[in-house]
Amino acid sequence: MTSLGNPAVRLLAARSLRSHRKAWAAVFAAVAVTTALLGALALAAGSAGLGHARVERYAAAAVVVAGDQEVRWTTKPWGAEPTTETAGLTERVRVPSAAVDVVRAVPGVRAAVPDHTFVVREQGSDGSPDRRVYTGRSWEAARLAPYRLVEGREPRTADEVVTGGGAGARAGVAAGVRVGDVVAGRKVVGLADGPAALYVTSAEARKLAGHAGAADAVGVLARPGVPVDALHARVRAALDRAGLKDTASGLPLRALTGDGRGGAEHLAAPPARMELLRLLAAVSGTLVLVAVLVLASLVAQALQQRAAERELLLSVGATPRQIRAAAGREVTRVAGLAALLGAVAAVPVFLGLWSALRGRTGVVPEGLELPVPPWLFAAVLVAAGVVVGITRLVALSATRKPGRPGKGRVRKVVGIVLLLLGAGSAGAAGVQGGEAAAAAAGAATVTLVAGCAVLGPWIAGAAMKVLDRPFRRLGGAPGRLTAAGAGAHSRRLGAALVPVVLVTSFALVQLSAGTTMERAADAQARAATTADLSLSGTTAERVRKLPGVDTATDVLRSTVVLARTEAGAPRLDRLPVLGVDAAGLAGTLDPGVVAGDLAGLARPGTVAVGAAMADSLDAKPGSTVELRLGDGVRKRLRVVAVYERSLALGEFLLPKAELAPHMSDPYPARVLAATEGGSSASPVTPEQVTLPGAELNGIVSAAIVSAIGGLTLLSVLSTLTLIGAGRRGEHRLLGQVGASAGQLRRMLGLEAGFLTVTGLIVGAVVGALPLTAFAWALTGGLPYLPPEQAALIAGTVVVTVVAGVFLPSRRQRA
C-alpha cells in the first residue's frame with residue numbers, strides 16, 4: 001500500500017502536482033541551476049582528470065626516459081595505515097648520461113638520443129634587456145619530434161646553428177645569442193620546421209646545458225615492428241637492472257609512453273593540473289553543501305504550505321507513508337525534469353568557461369592539454385542524478401511530522417552543536433596558516449550557516465522579540481499585523497531568514513578573504529621593495545656596470561616543497577621562493593627582519609624564513625629547516641634570519657648561488673637596483689611572489705563562486721516568492737476584515753525590512769567569525785572589505801528581499 005507503484009500514491013502525486021505548480025516552480029528553478037553548476041563542474045573535473053602535458057618534442061619517441069618529477073612523503077597517521085602524499089616538481093630532474101648506453105643496448109631500440117636543453121636569449125646591447133627567449137638543443141635531438149631541415153644543412157662545428165621556424169633568422173647570416181651570461185656569434189647554416197629553437201652540435205649542446213654527466217631526458221626510437229608496450233617493458237627492466245637513479249632526489253628513473261611523455265617537456269603542466277583538480281573538488285563540495293541548504297529550505301516550504309491538506313488526507317484514510325510516498329514521487333517528477341534541463345544547460349556553461357580560459361594568454365600553463373571527449377558529456381547525467389537524489393532526501397526529511405513552534409528539543413540540540421562546531425573550526429583557522437587556515441575558515445562558514453538554518457525559527461523569534469515593541473508602538477496597524485504574524489509563524493519567518501543569512505555570509509567570506517590577503521600582500525610588497533630601478537632580461541652583473549647604479553641584486557623565482565605532518569597525516573606544501581644576492585639587498589629589498597641578519601645569506605647552505613612559517617616550524621636563527629628544492633633535492637639549511645613580510649616575498653629567501661643549480665633556467669626573473677641619487681624616474685613594481693598556476697585557479701574560482709553566489713540569490717528570491725504565494729489566503733482574509741491595500745503594503749515593507757536587517761546582521765556575524773580568525777592567522781590583522789563591495793552585498797540583498805516579498809502580492813492584485 002505504500003510503494004511508489006500504489007495507485008493511491010500515483011493519484012495523490014498527480015493531483016497535487018497539478019494543484020501546486022506555482023509552489024514547485026521555485027524548487028524547479030533551484031534544481032535546474034544547481035544541476036547546471038554541478039554538471040559544469042563535473043565536466044571541468046573530468047577534463048582536468050584526463051588532462052596531460054602536450055607531446056611535441058618527443059612525438060616520434062616510443063619511450064622517453066626521464067627523472068621522477070614528483071616528490072613523495074610517507075608517514076603513519078594516528079591509528080591508521082601509512083599514507084603517502086605527492087607533489088609535483090617545477091624544475092627539471094635530470095637523467096645520468098649512463099642511461100643512454102643502458103637504453104641503447106636494449107633489444108628493439110633503434111636509437112637512444114640524449115636531450116640537452118638550454119635557454120637562448122637574443123642578445124641585447126650591453127646592459128639592455130635581451131629581446132627574445134627560446135629553447136636550444138642538439139640537432140640530433142630534433143629527430144625525436146621529428147623536426148626536419150627546410151633549408152641548408154645541419155650544424156657541424158661549435159659556431160654553427162640551425163634555427164627553428166619561429167626563431168626569425170635566415171640561413172647564411174650571423175646571429176648574436178646569449179646563453180646564461182655568455183654572448184657568442186653563431187652562423188646560421190640551416191632552417192628547420194617546428195617552433196622557435198636553436199639547434200647546435202651534440203657536443204656544444206652538452207657544454208651549453210652546463211650539466212656534466214646528465215641529460216634532460218633520453219628519447220628512445222624503436223626499430224620497425226617493435227610494439228611500444230614490449231619496448232617499454234624492456235627499457236624498464238634494463239633501467240632496474242642497472243640501478244640508475246636521477247641526479248637530484250636519487251629516485252628510480254621513469255620510462256614514459258603515450259601522453260605521459262609530455263610531462264618530460266612541459267614541467268609546469270602536471271602540477272597545474274593537480275592544483276586545478278583540488279580546486280574543482282573543493283568548489284564542488286561547497287556547491288553541494290549550499291545546494292542542500294537551498295533545496296532543503298525550498299522543499300520544506302513548498303510542503304509546509306500544504307499542512308492543512310495533509311491533515312485532511314490523513315483524516316479521510318490516507319496513511320502517513322502514502323502521503324510521504326506521494327510527496328516523494330511529486331518531488332522526483334519536478335526535480336527530474338528540472339535536472340534534465342540543468343544538465344543541458346551545463347554544457348554551454350562548461351564550454352564557455354573552458355573557452356574563456358583558453359582565450360587568455362598565459363592563464364593555462366604552456367603545454368597543458370584539457371581534452372573534452374564526447375563521452376565525457378555523460379557526466380552531466382551523473383550530476384543530474386546526484387541533484388535529484390539530494391532533492392529526494394531533503395523531501396523525505398521535510399515530510400516528517402514537524403514539531404510545534406517552541407518545541408523541537410532535538411532540533412535545538414543539533415543547531416547548537418553545529419554552531420559550536422563552526423566556532424571550533426573558526427578557532428582552528430586562527431591557529432593555522434596557508435591552505436589549512438582557508439579550509440578551516442570555509443568549513444566554519446558552512447557549519448555556522450547550517451546551524452543557523454536549523455535554528456532559523458528560534459533566531460527569527462528572538463529577533464522579533466527585540467523588534468516586537470517598536471513594531472507595535474511605531475508601526476501602527478501594519479506594525480501590529482507584522483508582529484502578530486511573526487509570532488504565529490516563526491517557522492515560516494525562519495525559513496525566509498535562512499537564505500538571506502546564507503547569501504550574506506557566503507558573499508562576505510568569498511569577497512573579504514581575497515581582498516584581505518591582497519591588501520596585506522600589496523602593503524608588504526610596497527614596503528619591501530626599496531629599489532629605484534627594476535629591469536628584466538638582464539643580470540645584476542650587467543646592471544652594476546651601468547652609470548649611476550650603486551648596487552643591484554638578481555631575483556630568481558622558483559619553488560620548494562616543504563614536508564611536514566598535520567594531525568599525524570603527511571602534508572606537502574609547494575611554496576614559491578626567491579633567490580637573492582645578499583650583498584645587493586641594501587637599498588633594493590627589505591624583507592623586514594625581526595631576528596638574525598640577512599648578511600648570512602652570503603654563505604651557502606643558508607635560508608631566511610618568514611615569521612609565520614618560523615613559528616609553525618619552531619625555527620629561529622641558528623636552527624635548521626629541511627626543504628626539497630625545485631628539482632627534488634633535499635637540503636638542510638641553516639636559518640640566518642626571520643622576516644615579517646612573507647605574504648609578499650614568500651616563506652623562504654635563499655641565496656642565489658644555492659637556488660640556481662636546481663633551476664631549469666637559472667636566469668634572473670628581474671634585477672632590482674639602487675642608484676646613487678636614490679631616485680627613480682618611474683615607480684618600481686613591488687616585488688611579490690605568486691604560485692605557478694595561481695591565475696588559472698583564480699579565474700576558475702571566481703567564475704564558480706560567482707555562479708554559486710547567483711544560486712544563493714535565487715534561493716532568497718524563490719523562498720520569499722514561495723512564502724508569499726502561500727499567504728494568499730492570509731492576505732485575502734486581512735482584506736476582508738478591513739485591512740486596506742496600503743496597510744498590507746506597509747506590513748510587507750516592515751517584513752522585508754525585518755528580514756533584510758536581521759539577515760544582514762546574522763550573516764555578517766556568521767561570516768565575520770571565521771574571517772577574523774583567518775585574517776588574524778595570515779595577516780596579523782582584521783579582515784578587510786572595500787566599502788563598495790560591502791554596499792554591493794547589502795544593496796543586492798535589499799533588492800532581492802524586496803522583490804521576493806512584493807512580487808507575489810502584485811500578482812495577487814493583478
Pair listing, salt bridge (charged side-chain N to carboxylate O under 4.0 Å, His left out) test, anchored in residues 584-596, at least two apart = D590-R645
Report yes or no: do S534 and R670 form a side-chain donor-acceptor pair below 3.5 Å?
-> yes
Lys/Arg-Asp/Glu bridge criterion (N-O < 4.0 Å) met for E154, R156 | yes
V671 side chain reached by S536 side chain, heavy atoms, under 4.5 Å = no
Passing candidate, side chain to side chain contact (heavy atoms under 4.5 Å, CB included) with V580, options L598, L585, L654, L659 | L585
Compute whether any side-chain donor of one residue and acceptor of the other, for D532 and T675, lie under 3.5 angstrom apart.
-> yes
D115 with R137: basic N within carboxylate O range, under 4.0 Å = yes
Is a donor on one side and an acceptor on the other found under 3.5 Å between the side chain of Q524 and the backbone of S646?
-> yes
Quick one: are L533 and L672 in side-chain contact, heavy atoms under 4.5 Å?
-> no
If every non-hydrogen atom of G263 is compared with every non-hydrogen atom of P270, which pair is closest and at what distance?
-> CA-CG, 4.3 Å
Output all residues satisfying salt bridge (Lys or Arg N to Asp or Glu O under 4.0 Å) with R54, sequence neighbours left out; order by chain, then residue number.
-> E56, E369
Using the salt bridge (charged side-chain N to carboxylate O under 4.0 Å, His left out) rule, collect all pairs that involve residues 575-588, keeping only residues at least two apart or in two chains.
-> R544-D581
Using only heavy-atom distances, determine whether the side chains of S202 and E140 contain a donor-acceptor pair under 3.5 Å.
-> yes
Qualifying salt bridge (charged side-chain N to carboxylate O under 4.0 Å, His left out) pairs, either residue in residues 612-628, two or more places apart = E626-R628, E626-R634, E626-R636
Nearest heavy-atom contact between R564 and S616 is NH1-OG, 2.7 Å
When you check the gap from the basic side-chain N to the acidic O, do D159 and K187 get nearer than 4.0 Å?
-> no
For T606 and P655 the tightest heavy-atom approach is O-CD, 3.2 Å
Heavy-atom closest pair (A264 atom, Y58 atom, distance to 0.1 Å) is CB-CE1, 4.0 Å
Could you tell me whether a side-chain N or O of E70 sits under 3.5 Å from a main-chain N or O of T86, the two making a donor and an acceptor?
-> no
Residue pair Q789 / T515, side-chain donor-acceptor N/O under 3.5 Å | no
Student check: side-chain heavy atoms of R92 and H211 closer than 4.5 Å | no
If a pair satisfies salt bridge (charged side-chain N to carboxylate O under 4.0 Å, His left out) and one of its residues is in residues 197-210, list it, with sequence neighbours excluded.
-> R186-E204
Is the backbone of L191 close enough, under 3.5 Å, to the side chain of T163 for a donor and an acceptor to pair up by distance?
-> no
Indicate yes or no: does R94 engage D246 in a salt bridge with an N to O separation below 4.0 Å.
-> no
What pair of heavy atoms forms the shortest contact from S664 to L267, and how long is it?
-> OG-CD1, 3.8 Å
With a 4.5 Å limit on heavy-atom distance, are the side chains of Y667 and V119 in contact?
-> no
Would T117 and T135 count as having a side-chain donor-acceptor pair, cut-off 3.5 Å?
-> no
I would like to know whether T553 and T588 meet side chain to side chain donor-acceptor pair (under 3.5 Å); could you show each step before the answer?
-> CA-CA 7 Å; T553 178; T588 60; 5.3 Å; no
Nearest heavy-atom approach of A648 to A525 is CB-N, 3.4 Å
Using modelled atom types only, decide if a donor and an acceptor are shared between the side chain of D573 and the backbone of L575 within a distance under 3.5 Å.
-> no
With a 4.5 Å heavy-atom cut-off, do F118 and V200 have their side chains touching?
-> yes
Y199: ring-ring contact (aromatic ring centres under 6.0 Å, His included) partners, not counting sequence neighbours | W139
Check step by step if side chain to side chain donor-acceptor pair (under 3.5 Å) holds for E91 and S558.
-> CA-CA 8 Å; E91 306 289 359; S558 184; 2.8 Å; yes
